[in-house]
Amino acid sequence: MNTKKTLRDIDPRERRVLVRVDFNVPIDEKGNILDDSRIRASLKTINYLIDKRAKVILMSHLDRPKGPDPRFSLANVAERLSRLLNKEVKFVPQVVGELVDRELESLKPGEVLLLENVRFHPGETKNDEELAKKLASYCDIFVNDAFGTAHRKHASTYGVALYVKESAMGFLMEEEVEYFFKAFESPVRPFVALIGGAKVSSKLGVIRHLIDKVDKIIIGGAMAFTFLKARGYNIGKSLVEDDYMELARELEVLAKSKKVKFYLPVDFVVATEVRDNAPTAIRAYQEIPANMMGLDIGPATLQLIREILQDAQTIIWNGPFGVFELERFRSGSVELARLVANLGVFSVAGGGETEALLNVAGVRDRFSHVSTGGGAFLELLEKGTLPCIEVLNEK
Ligand code: ADP
Ligand code: MG
């Protein structure tokens, strides 16, 4: 995957370059942009192509419209992008069709054209062959810079790459791949994984893959209770997946057989309700009261993790260690984030909620890399590769 072509391996001069970007920004009910970080993040790739005098054609999805719907139009995005680039961005209110054909004919080197939300076309999510071929016909080179959708085989992310003459990764995609590979293919050891979050069922594959790669694995979040219950402890009313206890036990056995140290939290912040002013207490893992649930890790667990991480050289983290959405149960995850940041070693974090947590904790910049792709990052952790990257040209 790190052998794929990058922007530096192509010659975009005066050629039509179709870039799949991730302009899936948060919007309000009226379609106003609430946060333009994703648009800003793609400027590096776009500016590079403009400077190289390419004819730049951009496409993206926005949210999950069931068909054409003005609220999800990329018209607002075109305007914002134009302001950020300080340059005209031509917008065509169509994904494929005559309007696009006409704009393409007059598109000059150094100019930028944005197509309408690809999900307005029914063929997009079905990875429709006709749509993919049509999109491919628009360009000489296809560049994928949308890491967040690289695990989905859609027409604009996957199908199109099958029919183009040449393809490459954009700068954002390249960065994601680079950090992932640095951690997974040649980690400086000890290599430690922190895995939290709500459900063990959604991360079985991730944990299995990590056991093959890391030296130590620390489980946190609600999924710890499935492991604890499988070990025979009472977990009170904590979130648990009874159907996965057997698999949890198997994972622990697998870790042991591969000589991977496997740790669970040793104490929790417990409460009877998941609400901000609920009374709380700290309880050891063997002493969770029957009517209470564990909603954050406690101080002894943080101390244990501090010791485990003392000699760590590479750290990978996915999944909050408590209900960080509520201030009451946030401090364990925030302290953990600070702890990792302060170690100053090679650290990669990712996951939808994990990214949000690191923003809340204010330490995002002090991690070596924080992935921008929630689901894509998880799939990369699980499978070691993503279909939309696999399909791109080798160097
Ligand atoms: P990510 O999106 O980073 O992969 P997940 O989606 O797996 O993370 O999990 C995040 C969710 O897990 C958060 O919404 C958080 O509230 C929840 N969570 C973490 N610890 C607990 C807990 N002890 N009890 C209930 N929910 C928890
Ligand atoms: Mg999530």
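The chain is numbered in sequence order, starting from 1. Both ligands and their constituent atoms are indexed starting at 1 by order of listing. We use all heavy atoms of the structure for the numbers below, so side chains are in, but hydrogens, waters and symmetry mates are not.
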Can you check which of [options] brings a heavy atom nearest to [atom]?
atom	options	value
atom 5 (P) of ligand 1	Met293, Lys199, Lys203	Lys203
atom 9 (O) of ligand 1	Gly197, Gly221, Ser333	Gly197
atom 18 (N) of ligand 1	Pro320, Gly322, Ala349, Ser371	Gly322

Who's the nearest protein heavy-atom neighbour of [atom], and how far?
atom	answer
atom 2 (O) of ligand 1	Glu353 OE1, 2.6 Å
atom 14 (O) of ligand 1	Glu325 OE2, 2.4 Å
atom 25 (C) of ligand 1	Val323 CG2, 3.6 Å
atom 12 (O) of ligand 1	Ala198 N, 3.2 Å
atom 3 (O) of ligand 1	Thr354 OG1, 2.5 Å
atom 24 (N) of ligand 1	Ala222 CB, 3.5 Å

### Message
Looking at ligand 1, would Gly374 count as a contact under a 4.0 Å heavy-atom criterion?
### Response
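For ligand 1, residue contact (heavy atoms, under 4.0 Å) with Gly374 is absent.
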### Near-ring test Tyr285/Tyr233, centroid separation under 6.0 angstrom
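So the answer is yes for these two rings.
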#### Entry: Side chain, backbone, both or neither: Phe225 near ligand 1, heavy atoms under 4.0 Å
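Side chain only.
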### Task
For ligand 1, note which part of Asn318 has a heavy atom under 4.0 Å away: side chain, backbone, both or neither.
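It is the side chain that touches ligand 1; the backbone stays farther off.
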### Query
Under 4.0 Å from any heavy atom of Gly294, which atoms of ligand 1 are there?
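Reading through ligand 1 atom by atom, the close ones are 22 (C), 23 (N), 24 (N).
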### Query
Which ligand 1 atoms are under 4.0 Å away from a heavy-atom of Gly352?
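The atoms of ligand 1 under 4.0 Å from a heavy atom of Gly352 are 1 (P), 2 (O), 3 (O).
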### Message
Pairing donors with acceptors under 3.5 angstrom, does anything connect the side chains of Arg364 and Asn359?
### Response
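Yes.
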### Task
Might you confirm whether atom CD of Gln286 has over 12 heavy atoms from other residues, nucleotides or ligands at distances under 6.0 Å?
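Count over threshold, so yes.
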### Query
Taking NZ, NE, NH1 and NH2 as the nitrogens, is one of them in Glu129 or Lys133 under 4.0 Å from a carboxylate oxygen of the other?
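Yes.
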### Query
Should the pair Asp242-Lys229 be classified as a salt bridge under the 4.0 Å nitrogen-to-oxygen rule?
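Yes, charged N to carboxylate O under 4.0 Å.
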### Task
May I ask you to decide if Gly159's main-chain N or O and Asn127's side chain share a donor-acceptor pair within less than 3.5 Å?
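Side chain of Asn127 to backbone of Gly159: a pair is present.
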### Message
Looking at Glu176 and Thr372, would you say the former's side chain and the latter's main chain have a donor-acceptor pair under 3.5 Å?
### Response
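Judged by distance alone, yes, a pair lies under 3.5 Å.
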### Task
Answer yes or no: is there a side-chain heavy-atom contact under 4.5 Å between Glu379 and Pro387?
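Heavy-atom side-chain distance check passes, below 4.5 Å.
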### Query
Which class fits the ring pair Phe227 and Phe262: parallel under 30°, tilted 30 to 60°, perpendicular over 60°?
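Phe227 vs Phe262 ring planes: tilted.
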### Query
Which is it for Phe184 and Tyr179 under the ring pair (Phe, Tyr, Trp, His ring centres under 6.0 Å) test, yes or no, and what are the steps along the way?
CA-CA 9 Å; Phe184 273 79; Tyr179 280 97; over 10 Å; no
### Task
Specify which N/O/S atom of Glu353 comes nearest to the Mg ion (ligand 2), by atom name.
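In Glu353, the heteroatom (N, O or S) nearest the Mg ion (ligand 2) is OE1.
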